[in-house]
Amino acid sequence: MQPEMVELLADTAQYTAVAFIGAFIGIGELVSRYKDDPYEAITNRHAITYTLLNVLASLLALLALKTLNPADAQGVLLGEGPASARVGYTLVAGFGAMGLLRSSAFNMRVGNEDIAIGPSALLQVMLSATDRAVDRARARVRAEMMARTMHMVPFEQLEVALPQLAFAMMQNVTDQEKQDFANVVSALREKKMDAVAKSISLGLALSNIVGQGVVDDAVMALRKTLAAAGDPSFSATLARPLPTPVETPEASVSPTAEK
């Protein structure tokens with residue numbers, strides 16, 4: 001194989017690897033923020049834009065290293081030469097760009113908040129915009145799914161049993177998450193709102209921790225258990241089919257159309 005072709009393949013591998021580092025870190029941030037359904041979150045078009053921003057920063061960092069063109073004692077250009085040197089510069093470019101993008105020159109006090117001045121400010125604006133956009137895109141879908149799941153489920157009967165069962169079904173829920181959720185349930189218990197709205201709010205808060213599928217399975221298990229125990233209200237809900245979502249101009253649009 002010609003030396004020029006080997007060099008081209010090596011450069012391509014470097015840029016591919018550094019792009020993967022940027023994408024991996026950007027996607028990791030988004031996944032950690034949407035535990036109920038990470039795949040739906042990261043495939044939203046706004047989330048993709050945020051991921052591409054991280055990829056672009058990594059690629060530009062590697063390009064900057066290569067265009068500096070200083071040579072070492074052996075005359076090998078920066079970022080080129082043996083495979084070990086290329087791997088080192090790839091890691092420096094990828095993780096260095098991610099660190100620089102999340103750094104700040106100084107903090108400025110505005111009111112009661114500290115505002116970071118530097119690249120991290122731009123990244124935080126992008127991340128906040130992504131959060132709002134993803135939330136708006138998924139809010140209607142989540143509400144419809146949870147309304148179907150919590151159909152005719154009394155808040156008072158499941159406010160303790162449902163979280164306990166859902167957490168028991170999972171293996172990695174932390175004590176802090178359980179305590180935070182207990183605070184949410186306590187706040188819901190004191191609110192003066194419709195019982196159905198309380199049940200839906202309970203399910204949505206729980207799905208943020210364990211996911212929609214676990215909530216669905218836990219609710220169905222409890223409905224069957226209570227119905228078998230002779231609770232007439234749950235026997236009636238099992239016999240009655242779940243309501244079909246109302247088709248509206250907005251609801252008729254596929255959830256993926258907003259990505």
Side-chain angles (χ1 to χ4, degrees), residues 31 33-41 43-44 131-132 134-259:
V31 167
R33 303 170 80 87
Y34 300 98
K35 297 180 181 178
D36 64 315
D37 197 341
Y39 177 76
E40 287 295 327
T43 53
N44 182 281
D131 281 340
R132 293 299 180 91
V134 172
D135 279 342
R136 286 194 297 267
R138 302 184 62 241
R140 174 178 53 81
V141 177
R142 293 187 66 210
E144 286 184 355
M145 293 176 65
M146 194 55 66
R148 287 171 56 82
T149 299
M150 306 300 286
H151 173 59
M152 298 294 292
V153 176
F155 174 81
E156 294 76 11
Q157 287 189 270
L158 293 186
E159 61 175 306
V160 176
L162 179 59
Q164 289 294 334
L165 177 58
F167 293 151
M169 293 167 65
M170 302 291 290
Q171 301 182 38
N172 299 304
V173 179
T174 65
D175 292 337
Q176 184 61 50
E177 287 176 320
K178 293 178 182 178
Q179 182 58 49
D180 292 341
F181 184 79
N183 296 335
V184 171
V185 175
S186 298
L188 279 174
R189 190 182 299 118
E190 300 299 326
K191 288 185 179 297
K192 296 181 179 178
M193 56 190 298
D194 182 75
V196 175
K198 279 188 177 183
S199 294
I200 295 175
S201 298
L202 173 71
L204 288 171
L206 187 57
S207 72
N208 290 337
I209 301 175
V210 302
Q212 179 71 41
V214 174
V215 176
D216 291 345
D217 294 341
V219 169
M220 182 55 65
L222 287 173
R223 290 174 68 188
K224 289 181 178 180
T225 300
L226 293 173
D231 190 317
S233 62
F234 279 90
S235 298
T237 61
L238 286 173
R240 186 183 303 114
L242 295 177
T244 303
V246 178
E247 286 293 334
T248 63
E250 291 186 355
S252 61
V253 179
S254 171
T256 58
E258 296 183 18
K259 299 173 187 174

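Position 1 is the first residue of the sequence, and the numbers go up from there. Below, all heavy atoms of this structure are taken into account, side chains as well, without hydrogens, waters or symmetry copies.
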Which residues share a side chain to side chain donor-acceptor pair (under 3.5 Å) with [X], sequence neighbours left out:
{"X": "Gln171", "value": "none"}
{"X": "Thr174", "value": "Glu177"}
{"X": "Glu156", "value": "none"}
{"X": "Asp180", "value": "Gln176"}

For [range], which residue pairs qualify under ring pair (Phe, Tyr, Trp, His ring centres under 6.0 Å), counting only residues two or more places apart or in two chains?
{"range": "residues 195-214", "value": "none"}
{"range": "residues 159-207", "value": "Phe167-Phe181"}
{"range": "residues 182-215", "value": "none"}
{"range": "residues 196-223", "value": "none"}

**Item:** Contact list for residues 190-208, test salt bridge (charged side-chain N to carboxylate O under 4.0 Å, His left out), sequence neighbours left out
**Value:** none

**Prompt:** Which residues pass the salt bridge (Lys or Arg N to Asp or Glu O under 4.0 Å) test with Asp131, sequence neighbours left out?
**Reply:**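 By the salt bridge (Lys or Arg N to Asp or Glu O under 4.0 Å) rule, Asp131 matches Arg33.
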
**Partner set under salt bridge (Lys or Arg N to Asp or Glu O under 4.0 Å) for Arg189, not counting sequence neighbours** =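 Arg189: salt bridge (Lys or Arg N to Asp or Glu O under 4.0 Å) contacts with Glu159.
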
**Asked** Of the non-hydrogen atoms in Val214 and Val210, which two are nearest, and what is the gap between them?
**Response**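 Looking at all heavy atoms of both residues, the shortest contact is CG2-O, 3.4 Å.
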
**Asked** For the residue pair Gly203 and Val215, what are the closest heavy atoms and their distance?
**Response**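 Reported closest heavy-atom pair: O-CG2, 4.2 Å.
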
**Item:** Partner residues of Leu165 under the side chain to side chain contact (heavy atoms under 4.5 Å, CB included) criterion, sequence neighbours left out
**Value:**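 For Leu165, the residues satisfying side chain to side chain contact (heavy atoms under 4.5 Å, CB included) (neighbours in sequence not counted) are Met169, Ala218, Ala221, Leu222.
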
**Asked** Hey, are the side chains of Leu162 and Met150 touching, using non-hydrogen atoms and a 4.5 Å cut-off?
**Response** yes

**Request:** Could you check if a side-chain atom of Met193 sits within less than 4.5 angstrom of a side-chain atom of Leu188, using non-hydrogen atoms only?
**Result:** yes

**Asked** Hey, mind stepping through Gln212 and Met146 against side-chain contact (heavy atoms from CB on, under 4.5 Å) and telling me if it holds?
**Response** CA-CA 8 Å; Gln212 179 71 41; Met146 194 55 66; 3.2 Å; yes

